[in-house]
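Chain letters run A, B, ... following the sequence lines, proteins first and then strands; every chain starts at 1. All values below come from the heavy atoms of this structure, side chains included, with hydrogens, waters and symmetry mates left out.
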2 protein chains.
Amino acid sequence: MKPKLTLKNIAKELDVSISTVSKALRDSPEIGEETRAKIKAFAKHYNYKPNNIALSLKNRKTKTIGIIIPEIVHHFFTTVISGVEKVANEMGYNVLVCLSDNSFDKEVLNMEMLANGSTDGFILSLAKETMQKGDYHHLVEVINQGMPVVLFDRVVEDISCDKVIIDDVSGARKAVQHLIDTGCKRIGLLTTVDYVSVGKLRTHGYKQALADNNYPINEDLILKIEEMEDSELQIKEFLEEQNVDGIFAVNEHFAISAVKTVQDQGKKVPDDVSVIGFTDGELSRLFIPSLTTVSQHGTRIGEESARLLIEKLERTPSPDDYYKTILVETELVVRNSTKSKI
Amino acid sequence: MKPKLTLKNIAKELDVSISTVSKALRDSPEIGEETRAKIKAFAKHYNYKPNNIALSLKNRKTKTIGIIIPEIVHHFFTTVISGVEKVANEMGYNVLVCLSDNSFDKEVLNMEMLANGSTDGFILSLAKETMQKGDYHHLVEVINQGMPVVLFDRVVEDISCDKVIIDDVSGARKAVQHLIDTGCKRIGLLTTVDYVSVGKLRTHGYKQALADNNYPINEDLILKIEEMEDSELQIKEFLEEQNVDGIFAVNEHFAISAVKTVQDQGKKVPDDVSVIGFTDGELSRLFIPSLTTVSQHGTRIGEESARLLIEKLERTPSPDDYYKTILVETELVVRNSTKSKI
DNA sequence: ATGAAAGCGCTAACAG
DNA sequence: CTGTTAGCGCTTTCAT
């Protein structure tokens, strides 16, 4: 077990001063041709690599970006991470991943932890509990300290920072419009409770689409689901009571549950009932029937977030800086769970 | 934008020396009751948190562990990460995630990057390309420098380090035995090329199960798939040529493709052909028919890996230290893609 | 009981 | 051209 090579070692070995070594390695013109060559050869031979921690301390920047998400066992977040990782890597940054488990306390803890020098900035999607509480002091604090923050997907108006969101409203609208265009008359909505911003927005899009087409908005056709755990049961009960011929679900799971329930009722998807989900994952693609969905482009969201953050990080802040909100387009991917009934 | 509070600031503010502040905050008995109280009150009020980077430099440990995986958009790896994160968090560690994209070069780069002070140790699953090349110099180097490494899932004999694996052989055996027990006679295997260790081991288990039951081993019934991209096509061709009544697939995707192909051929799963997959994900659970699979307990793997690593990290190495290999049990989850034909 | 000083590994302003 | 020095934020030994 050989100890790590440091400038100090090299200096002693070559009988020069530490700063000479440092300068030589950074190709400073101050250093004589000969010494420089000697030092560089030595360093190369013994594979010298500067210590990141020391650099971080000196430069007051870590070249790592922290990403905090509610859960990782979730296709959407996973694609976002891979997008972030991709551009971060290209720009010489590392990615520190923390999970909030949708818990406010864990989110706060994680942020405090990372804010003390571990990262240069944050990319995050808020925990469900955080949105419910409406307590964003941890974000405000970090931002006040001058660390850039990019919020994605589950964002919130009140915070001044860069944001990357998808056009939830228009995505939902497109989906419902498609149902209407293919002849659905009674369109049910499977959504989440309102404090989850995306649920709220998609609900909004649903209503807009109905209004656009002079369809009545019937609250009985809207199911707001609080807990993932018993969503299946709730959907079942809902679909037994309400007779629908089209369903728009705000996520993959609700959509799958809906398809199963409909099939259990002896009806056919898409012949009797059309179903559209949100969030395009493997599940939607490989399910039978494959699901028509609103695709979210998670990778794009991750890439844009990382770009936004790194841009802030590498530019000296100017007074006329402003916060951007990037809208990543959604796309309706038509598959086999919808079909024209006209 | 207020600057971060440092010991220095506090010292100046309170008109004491830096070391007094440091000691007071760490409850050193050297410091007088009164001063200590004053300093702690001040620190608390202004929410002082020590700078992680400075601590890392001083202590020569970062309290973060690096995890390098081939891909993140993959349910299994995702569960492993969440396991790692869970115990890491409990023990006060952060998790730095890097992706190798199954590329040897990226894996090497990532390791070199993180090895220079960014992490205290590594948890990793080798890139496909790395296994193919059989070049592990980057691992050896890191280990020689005294950084603990834990390999999981895609491991390799030649490296001396802790390992966490599943009993791939016995998992495969259980699966094939189940097919045999339920009356399958011609059992096909959908596997990967041999240099992917898990593919090889599962193939081994398949053969063992057949041998155990005095079934002939027919190489024609084994399909080794190189690229994920055209796996669907290869499986289709394979199943058209070979008439099987049972299929064991070494991952979820192959299993799903098999089910679809079988159904396209006008046959029924599980009535005509039984199918078992490996890796228990949502896909298997929610698919129709739901798939019988060998469950891998990714979270457990992640937890064990993290525990192993942190143990090494927090113990002063003793001469009689040895490397452990932890075997995480697999479990056959019987669902609706298999059915007794007897 | 308090403080000065050294050192973790590196860079950069400043001397020589 | 090369070296000395100070400093990033913190801990810790050693003086006082």
Discussion item. Below 4.0 Å from chain A heavy atoms, what is the first contacting nucleotide of DNA chain D and what is the last?
Written reply: D:dC1 to D:dG9
Side-chain ([X]) to main-chain ([Y]) donor-acceptor, under 3.5 angstrom:
X: A:S28; Y: A:A24; answer: no
X: B:N102; Y: B:K128; answer: yes
X: B:T64; Y: B:V95; answer: no

Practice prompt. Check whether the ring centres of B:F42 and B:H45 lie less than 6.0 Å apart, and answer yes or no.
Written response: no
Practice prompt. Starting from the 5' end of DNA chain C, give me the residue, B:P29 or A:S22, whose nearest nucleotide shows up first.
Written response: B:P29
Atom-pair distance ([atom1] on [X]; [atom2] on [N]), nearest Å:
X: A:N59; N: C:dA12; atom1: CG; atom2: P; answer: 7 Å
X: A:I18; N: C:dT11; atom1: CD1; atom2: C1'; answer: 11 Å
X: A:L7; N: C:dA12; atom1: CG; atom2: P; answer: 12 Å
X: B:I39; N: C:dG3; atom1: CD1; atom2: P; answer: 8 Å
X: A:K23; N: C:dA12; atom1: NZ; atom2: P; answer: 10 Å
X: A:K61; N: C:dT11; atom1: NZ; atom2: C1'; answer: 14 Å
X: A:L57; N: C:dC8; atom1: CG; atom2: P; answer: 13 Å
X: B:K58; N: C:dG9; atom1: NZ; atom2: P; answer: 10 Å

Counting the atoms with a prime plus P, OP1 and OP2 as sugar-phosphate, which does [X] contact under 4.0 Å by heavy atoms, base, sugar-phosphate, or nothing?
X: A:T6; value: sugar-phosphate
X: B:K8; value: sugar-phosphate
X: B:T35; value: sugar-phosphate
X: A:S19; value: base
X: B:L55; value: sugar-phosphate

Practice prompt. May I ask you to decide whether B:E107 forms a salt bridge with B:K133, counting only side-chain N to carboxylate O separations under 4.0 Å?
Written response: no
Worksheet item: Using 4.0 Å as the upper bound for N to carboxylate O, is an ion pair formed by A:K86 and B:D101?
Response: no
Worksheet entry | Distance below 4.0 Å between B:R60 side-chain N/O and C:dG9 OP1 or OP2 | yes
Worksheet item: Quick one: is B:T20 getting a side-chain N or O under 4.0 Å of the C:dT2 phosphate, OP1 or OP2?
Response: no
Discussion item. The side chain of A:P50 is closest to which nucleotide in this list: C:dC10, C:dG3, C:dA1?
Written reply: C:dC10
Item to complete: Taking only the side-chain heavy atoms of B:E30 (C-beta and beyond), determine which of C:dC8, C:dC10, C:dT2 contains the nearest atom.
Response: C:dT2
Discussion item. Using a 6.0 Å cut-off, check whether atom NZ of B:K49 has over 12 heavy atoms from anything other than its own residue.
Written reply: yes
Discussion item. Taking CD in A:E157 as the centre, count heavy atoms belonging to other residues, nucleotides or ligands within less than 6.0 Å. Is the count above 12?
Written reply: no
